[in-house]
Amino acid sequence: MKKFFTPLLLFIVLSASGQNASQFKDVPLSDVVNELSYINGNKYQKDALLFMDMLASTHPYYIKADRMEVLLSRSDGLLAECAVCKTDSEFVELLHAAMIEVRDKHTDVIDAESYGRKSTSKAETQTQDGKKSSGLNCALDNNGELFSYQLFEKESICYLQFNQCNDARTLGDESLPRFDKLLDAMFADIEKQGIATLIVDVQYNNGGSSKLCDELLDRLCPLSEIRMLDTYMRFSPLLALYNPKAGQAMKAWEEAGHSDELYPVPQKKKQMPEHKYYEGKVVFIQGPRTFSSAGILITTARDNNIGTIIGTESTFSPSHYGEVLPFRLPNTGVLGSVCTKYFERADKDHADDSSIVPDIVLDLDDKPATWETIIRMYASK
């Protein structure tokens with residue numbers, strides 16, 4: 001089932017982009033402003049036309065002609081509903097219905113009034129699922145840290161709770177821990193104790209920087225041997241508005257005859273320090289809140305046969321869209337965000353799968369019972 005997200009989650013995405021509402025750029029005007037339906041329309045009809053044109057020309061999903069045709073076929077109905085629209089919040093719901101295929105945590109819209117009511121700070125919203133609990137029942141409970149690990153020497157298990165793909169480096173806060181330093185300490189302890197199983201829990205992790213995931217993967221096998229997701233960029237007027245160099249690249253790409261093609265982003269060779277690679281069992285726990293970079297970690301593990309995945313079926317798609325641009329609709333002030341990149345999983349035979357089904361399905365609601373099950377499955381005999 002497709003998951004929809006509340007205005008608060010869109011607020012988090014827009015805040016995380018480093019923009020506040022006053023810094024959002026208006027969607028670029030296009031030829032639609034010369035159409036009679038725009039000239040004679042009310043503010044909702046005008047912005048509906050701009051929105052549909054921007055979405056069709058920006059989001060990678062709609063670069064395929066049949067998909068764009070489906071989107072644009074909704075325009076007449078949307079304009080008719082906008083003709084009798086009374087409020088910005090009602091208008092937002094109409095846009096939600098029009099963008100049904102791509103509305104997710106990265107691509108969405110919110111009216112300015114609702115956005116303004118979300119006064120929660122960026123730091124608080126980024127850790128809304130990471131507040132420390134006063135009484136943890138078991139290891140699987142969210143401990144409120146960015147990341148931490150515990151050794152269960154009797155069972156020969158190391159449990160890594162990886163709640164955010166962020167640390168002192170990505171958040172620019174030296175008071176926070178560094179993930180690479182934690183990995184140094186954790187794998188030193190694993191080697192010292194001869195730990196047989198590493199459990200990586202990302203059930204609370206909704207993303208951040210994939211650099212941290214790479215640092216973990218590179219401890220499990222050489223990063224140079226791992227098949228990563230392929231990245232494609234869709235050039236657009238909105239992207240050029242934020243990044244003039246992208247506009248120049250778009251012009252060159254189109255002049256070369258690629259106007260209806262995604263641009264393959266070259267993968268940079270990732271340099272990691274040399275170290276020993278963990279040779280024990282690896283288990284990943286995914287849940288309904290696993291998303292974005294944490295989803296990339298799970299997808300990369302599955303496509304490279306790194307470890308076992310347990311937990312619930314993913315709410316993220318293994319091939320997905322990202323690289324968010326914020327925007328504002330000029331006539332209503334409605335705010336939004338839209339993706340500009342497509343990340344295609346390494347396993348091309350399953351590139352269009354809608355989810356990742358775990359190797360072992362576990363109920364993550366009853367944490368103590370689930371932890372007991374995990375101990376039974378992976379404790380050394």
Side-chain angles (χ1 to χ4, degrees), residues 7 9-63 68 71-72 74-75 78-79 81-83 85-99 102-118 122 233-251 254 321-341:
L9 287 178
L10 176 60
F11 174 81
I12 296 169
V13 172
L14 297 182
S15 297
S17 70
Q19 305 282 335
N20 61 48
S22 65
Q23 295 173 315
F24 284 23
K25 297 182 183 297
D26 288 344
V27 298
L29 299 180
S30 62
D31 291 341
V32 300
V33 301
N34 299 318
E35 298 176 6
L36 286 177
S37 54
Y38 183 91
I39 295 171
N40 298 326
N42 63 27
K43 66 176 183 177
Y44 297 117
Q45 291 173 313
K46 291 178 188 291
D47 273 358
L49 286 167
L50 289 173
F51 172 78
M52 295 292 274
D53 184 71
M54 180 278 299
L55 191 63
S57 64
T58 304
H59 200 291
Y61 177 86
Y62 294 115
I63 201 167
M68 187 183 296
L71 174 68
L72 297 181
R74 301 183 183 127
S75 293
L78 176 60
L79 288 177
E81 292 179 294
C82 287
C85 184
K86 301 299 183 183
T87 66
D88 289 357
S89 59
E90 181 183 346
F91 174 58
V92 163
E93 290 308 311
L94 294 177
L95 296 185
H96 285 168
M99 62 191 296
V102 298
R103 187 190 171 206
D104 57 18
K105 190 175 177 181
H106 287 149
T107 300
D108 210 343
V109 288
I110 185 173
D111 63 275
E113 183 179 352
S114 296
Y115 183 91
R117 288 198 301 263
K118 307 304 178 183
K122 178 180 177 181
M233 170 75 77
R234 185 175 186 188
F235 293 123
S236 70
L238 182 63
L239 178 61
L241 191 63
Y242 278 98
N243 185 345
K245 288 185 178 180
Q248 297 171 8
M250 177 174 68
K251 182 179 179 181
E254 291 179 347
Y321 302 95
E323 196 78 7
V324 174
L325 289 179
F327 64 84
R328 178 177 54 228
L329 297 176
N331 297 288
T332 60
V334 164
L335 303 173
S337 59
V338 62
C339 295
T340 61
K341 282 186 179 179

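What you see is a predicted model, and the numbers here were worked out from it, not measured in a lab.
- For D31, the CG atom sits in a loose shell: 12 or fewer heavy atoms of surrounding residues, nucleotides or ligands are nearer than 6.0 Å.
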Query - CA sep, side-chain torsions, deciding dist, call: T332, D47, side-chain hydrogen bond (donor to acceptor under 3.5 Å, both in side chains) - result: CA-CA 7 Å; T332 60; D47 273 358; 2.7 Å; yes
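- When only modelled atom types and interatomic distance are considered, N331 and Y44 share no side-chain donor-acceptor pair under 3.5 Å.
- For D53, the salt bridge (charged side-chain N to carboxylate O under 4.0 Å, His left out) test picks out no residue, with sequence neighbours left out.
- Qualifying salt bridge (charged side-chain N to carboxylate O under 4.0 Å, His left out) partners for K46, counting only residues two or more places apart in sequence or in other chains: none.
- Shown here for G322 and C339, the closest heavy-atom pair between the two residues is O-CB, 3.4 Å.
- Remark: R234 engages no residue in a salt bridge (charged side-chain N to carboxylate O under 4.0 Å, His left out) (not counting sequence neighbours).
- Between F51 and M99, some side-chain heavy-atom pair lies under the 4.5 Å cut-off.
- With rounding to the nearest 0.5 angstrom, the CG atom of L95 is 10.5 Å from the CD atom of E81.
- In this structure, H59 has its ring center closer than 6.0 angstrom to the ring center of Y321.
- Looking only at distances, a side-chain donor or acceptor of N42 sits under 3.5 Å from a matching main-chain atom of C82.
- Side-chain atoms of V102 and Y62, non-hydrogen and from C-beta on, do get closer than 4.5 Å to each other.
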Query raised in the report: side chain to side chain contact (heavy atoms under 4.5 Å, CB included) between D111 and T87: does it pass, once the steps are laid out?
Result: CA-CA 9 Å; D111 63 275; T87 66; over 6 Å; no
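- Interatomic distance, N243 CG to M250 CE, rounded to the nearest 0.5 Å: 10.5 Å.
- Pairing each heavy atom of L50 with each of P28, the nearest pair is CD2-O, 4.4 Å.
- Checking side-chain atoms of R328 against main-chain N and O of F24 turns up a donor-acceptor pair under 3.5 Å.
- Judged by distance alone, the side chain of T107 and the main-chain N or O of D104 form no donor-acceptor pair under 3.5 Å.
- Taking CG of L238 as the start and CG of D26 as the end, the distance is 10.5 Å to the nearest 0.5 Å.
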Report task. Would you please test I110 and V92 for side chain to side chain contact (heavy atoms under 4.5 Å, CB included) and show each step? Result -> CA-CA 6 Å; I110 185 173; V92 163; 5.7 Å; no
Query - Intermediate values then yes/no, side chain to side chain contact (heavy atoms under 4.5 Å, CB included), L239 and M233 - result: CA-CA 10 Å; L239 178 61; M233 170 75 77; 3.5 Å; yes
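- A pairwise comparison of heavy atoms in Q45 and G41 identifies OE1-CA, 3.2 Å as the closest pair.
- In this structure, the side chain of T58 does not engage the main chain of L55 through any donor-acceptor pair within 3.5 Å.
- The two residues G333 and A112 have their closest heavy-atom pair at O-CB, 3.6 Å.
- No side-chain donor-acceptor contact under 3.5 Å links E323 to the backbone of T340.
- When all heavy atoms of H96 and V109 are compared, the closest pair comes out as NE2-O, 3.3 Å.
- Residues D88 and K43 are in side-chain contact: their nearest non-hydrogen atoms beyond the backbone lie under 4.5 Å apart.
- The cationic group of K25 lies under 6.0 Å from the six-membered ring centre of Y242 and within 45° of the ring axis, placing it in a cation-pi geometry.
- Atom CE in M68 sits 7.5 Å away from atom OG in S57 (nearest 0.5 Å).
- Inter-residue side-chain proximity for V338 and D108 is flagged as unmet; no heavy-atom pair is nearer than 4.5 Å.
- With hydrogens and angles disregarded, no donor-acceptor distance shorter than 3.5 Å links the side chain of S337 to the backbone of P326.
- A heavy-atom distance below 4.5 Å is not found between the side chains of L49 and M52.
- Put simply, the residue from L329, L325, V324 that forms a side chain to side chain contact (heavy atoms under 4.5 Å, CB included) with F327 is L329.
- In this structure, CZ in F235 is found 14.0 Å from NZ in K251, a value given to the nearest 0.5 Å.
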